[in-house]
Amino acid sequence: MQDTGRNGGEIKGAELFVKALIEEGVQTLFAYPGGMAIDLFDALYGQSELDVVLPRHEQALVHEADGYARSTGKTGVCLVTSGPGATNLVTGIATANYDSVPLVCFTGQVPTNLIGNDAFQEVDIVGITRSICKYAVTVRDRKDLGRIIKEAFYIAASGKPGPVVVDIPKDIQQEFGSSEYPKEVNIRGYKPNTGIHAGQLKKAMGILNKAKRPVLLCGGGVKISGAGALLTRFAEKTGIPVITTIMGKGCIPSSHPLYVGNIGMHGNYASNQAVSECDVLFSIGTRFNDRITGKISEFAPHASIIHVDVDPASISRNIKVDVPIVGDAKAALQLMLSEAERLQLEEWVQKIGDWKQKYPIRMGQQDQNQDQNQNHGSNGKQILTPERILRSINTMFPKSIVVTDVGQNQLWTTQYLELDENRQLLTSGGLGTMGYGFPAAIGAKIGNPDTDVICISGDGGMQMNLQEMATAMALELPIIICVMNNGYLGNVRQWQEMFYNRRYSSTCLCYRKSCKRDCLNPDKCCPKYLPDYVKLAKSYEAKGIRVESGEDIEAALTAARENKSGPTLIEFIIERETNVLPIVPGGNALSDMIMEA
């Protein structure tokens, strides 16, 4: 980048901003312009080292940076203007914060002399986001700009990763100053733990090596640290069964004989029962949120609990543990391997295997042992179920990135999608953000242009960031979008059915004023669903396909895979009141599972 300054190579703050991104190795910037960021965009004009992606909404923009970061392992970077541009980032920042995604979010700000004066498009974005990110700061002095940007990238990616917000006032962007960008970071008071306490680890391994019914519970921290291969080796060396959270699924191949399944509200019977009966629970990289534990007083009631986590604040916050170990999952597993012994667990492993066989997660229509008539509708065609859709994706896309939205579509995906080193799953776990899936898939595709990217969404979540179809078309991204359309906000509707006497309050997306919400009338005639997703896709010059029968799934996915010029939206019309089972009702113990409707 050329120095365009006036004295001795001085450059504008906006130019230092661009130089900093290049020095940090940033290749893709997700950015939406506005008045208080226009100088930053002007500095970006004409440079060739950065690919600037223009989404159609700032919330989608931050989800795109998130999907890019999760799928590549790099830090996602975004840029917006002040006021509404900045506040539109808030949901995405919280999403990334819950799931430990490294983001650096730059926001424009009104000039420093106007801060606090209720200037046009002024908001205190630092105050707003301080509780939902790792660090938030407004640059008050031009000479601090380079240092603050350098620290932002370091904080975002080190320790427990997360989002950082850097607010840059307009006058700081315009002011001339040094062109030097720091090479090193030294932040007093921020020293992420990089070692493992040898004594604690030895104590933990001593307990584990005496266990008769141990399980390994692995969360997203295992995947973030890149410790999947080490985890698999450790499980194989010890013979200990592995259970995952939704965020941890994929850290060991789904097909591995020691993999049991997901734990929690929609986990499988074997996983929940194993945790309820184990004598040692060795947890790595999970924060024990309520969707995992169920009723805390009855969580792993017979177990000694060992917890490895890079974030000391996560240990014993929700579940009191017996042996806390602060450290990175990969570093811990490397040391654990040297202490590991083969345990005599045949009887325990067999018991868990029996549970898996007796209580598999299957949708009734797909069970090959059932009467053939139950596999077909009244028209003689195969009933279209989420399980069938996911199993077709498993078969047809062995090397792929699958991104979900939030709701029933997400839960079915985590139940039926098979994961290994060739297939990756991205989903909003902690915050549960509807509207995440499609933009995150765009970010993943930008970061992985040679890998098939499949977005699985519900009809409700898809409409929350549907405008990004224009972004995908503009960038000619061949993403496959699978919309499971049941005409409801399905996850909430399921709770209303099961626990609120089918009072479907504000969850029917077919509702029109004239139908008077007569949902319990067996003779009701529901209005036509809006929008027509196929026509809507075509209005963006994308490809749209509607599937209403199980026989047509593979043909639709094949057509989508062959379309290389842009996205393909496949609308799967599934039965309106299809439920996600099993389910542990909120506040209940993991053993209190509802297995059937």
Side-chain angles (χ1 to χ4, degrees), residues 28-38 40-41 44 51-71 76-97 99 101 103-109 121 123 125 128-129 132-133 163 165 167 403-407 426-428 431-447 453 455 457-477 479 481 483 509 530-531 533 536-537 539-542 566-567 569:
T28 303
L29 174 65
F30 298 88
Y32 202 98
M36 294 303 113
I38 197 166
L40 299 172
F41 280 86
L44 288 163
D51 180 23
V52 180
V53 175
L54 173 66
R56 298 305 187 262
H57 192 288
E58 289 97 350
Q59 186 187 109
L61 173 153
V62 67
H63 292 327
E64 286 164 18
D66 177 305
Y68 177 91
R70 296 195 204 209
S71 63
V77 186
C78 52
L79 167 64
V80 299
T81 192
S82 64
T87 56
N88 279 339
L89 295 186
V90 170
T91 297
I93 291 170
T95 299
N97 191 54
D99 293 344
V101 180
L103 298 181
V104 177
C105 303
F106 294 98
T107 58
Q109 183 56 278
Q121 291 192 335
V123 297
I125 194 62
I128 290 170
T129 60
I132 55 169
C133 66
V165 176
D167 192 41
V403 188
T404 81
D405 208 273
V406 166
L426 311 184
T427 193
S428 170
L431 195 64
T433 305
M434 288 180 68
Y436 171 83
F438 182 32
I442 289 175
K445 187 63 178 179
I446 290 171
V453 175
C455 170
S457 183
D459 51 307
M462 188 64 197
Q463 292 195 63
M464 289 195 170
N465 271 310
L466 185 57
Q467 77 286 336
E468 294 309 296
M469 191 69 78
T471 307
M473 280 302 300
L475 299 176
E476 301 175 348
L477 300 175
I479 298 166
I481 308 156
V483 178
L509 297 181
L530 294 175
Y533 276 109
L536 191 61
S539 75
Y540 284 98
E541 298 186 0
L569 188 154

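- Screening V80, L54, T81, V52 for a side-chain contact (heavy atoms from CB on, under 4.5 Å) with P33, the sole residue that qualifies is L54.
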Hey, mind stepping through H63 and F438 against side chain to side chain contact (heavy atoms under 4.5 Å, CB included) and telling me if it holds? CA-CA 9 Å; H63 292 327; F438 182 32; over 6 Å; no
Going through the checks in order, is the side chain to side chain contact (heavy atoms under 4.5 Å, CB included) test met by L79 and L44? CA-CA 11 Å; L79 167 64; L44 288 163; 4.0 Å; yes
Give the intermediate values and the outcome of side chain to side chain contact (heavy atoms under 4.5 Å, CB included) for residues C78 and L103. CA-CA 8 Å; C78 52; L103 298 181; 5.6 Å; no
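- When every heavy atom of A31 is checked against every heavy atom of P55, the shortest pair comes out as O-CD, 3.5 Å.
- With a 4.5 Å cut-off on side-chain heavy atoms, N88 and H57 count as touching.
- Atom CD1 of I38 has 12 or fewer heavy atoms from other residues, nucleotides or ligands within 6.0 Å.
- Under a 3.5 Å cut-off, the side chain of S82 and the backbone N or O of Q121 do form a donor-acceptor pair.
- Checked by atom type and distance alone, the side chain of Y533 pairs as donor or acceptor with a backbone atom of D459 at under 3.5 Å.
- Of the inter-residue distances, the one linking M469 atom CE with I481 atom CD1 reads 4.0 Å to the nearest 0.5 angstrom.
- Of the inter-residue distances, the one linking M36 atom CE with D167 atom CG reads 11.5 Å to the nearest 0.5 angstrom.
- Side chains of M462 and L569 form a contact here, defined as non-hydrogen atoms less than 4.5 Å apart.
- Listed here is the closest heavy atom pair of G435 and N465: O-ND2, 2.9 Å.
- Shortest non-hydrogen contact noted between A472 and P567 is CB-CG, 3.8 Å.
- Atom OG of S428 sits about 11.0 Å away from atom CE of M434, to the nearest 0.5 Å.
- With rounding to the nearest 0.5 angstrom, the CG atom of L536 is 8.0 Å from the CD atom of Q463.
- At least one donor-acceptor pair closer than 3.5 Å links the side chain of E468 to the backbone N or O of R56.
- In this structure, the side chain of Q109 engages the main chain of V123 through a donor-acceptor pair within 3.5 Å.
- Expressed to the nearest 0.5 Å, how far OG1 of T95 lies from CG of L89 amounts to 11.0 Å.
- When every heavy atom of G437 is checked against every heavy atom of D405, the shortest pair comes out as N-OD2, 3.0 Å.
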Before you tell me yes or no, could you show the steps for V90 and T129 under side chain to side chain contact (heavy atoms under 4.5 Å, CB included), namely the whole-Å CA-CA distance, both residues' side-chain angles and the distance that decides it to 0.1 Å? CA-CA 7 Å; V90 170; T129 60; 4.3 Å; yes
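- Of all non-hydrogen atoms in V165 and C133, the two that sit nearest each other are CG2-SG, 4.3 Å.
- Heavy-atom minimum distance, L431 versus A94: CD2-CB, 3.7 Å.
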Any chance you could lay out the side-chain hydrogen bond (donor to acceptor under 3.5 Å, both in side chains) test for D66 and Y436, step after step, and finish with the verdict? CA-CA 9 Å; D66 177 305; Y436 171 83; 2.7 Å; yes
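- Every residue meeting the ring pair (Phe, Tyr, Trp, His ring centres under 6.0 Å) condition with F30, not counting sequence neighbours, appears here in chain and number order: Y68.
- Rounded to the nearest 0.5 angstrom, I479 CD1 and M473 CE are separated by 11.5 Å.
- With contacts defined as side-chain heavy-atom distances shorter than 4.5 Å, the pair D99/R70 qualifies.
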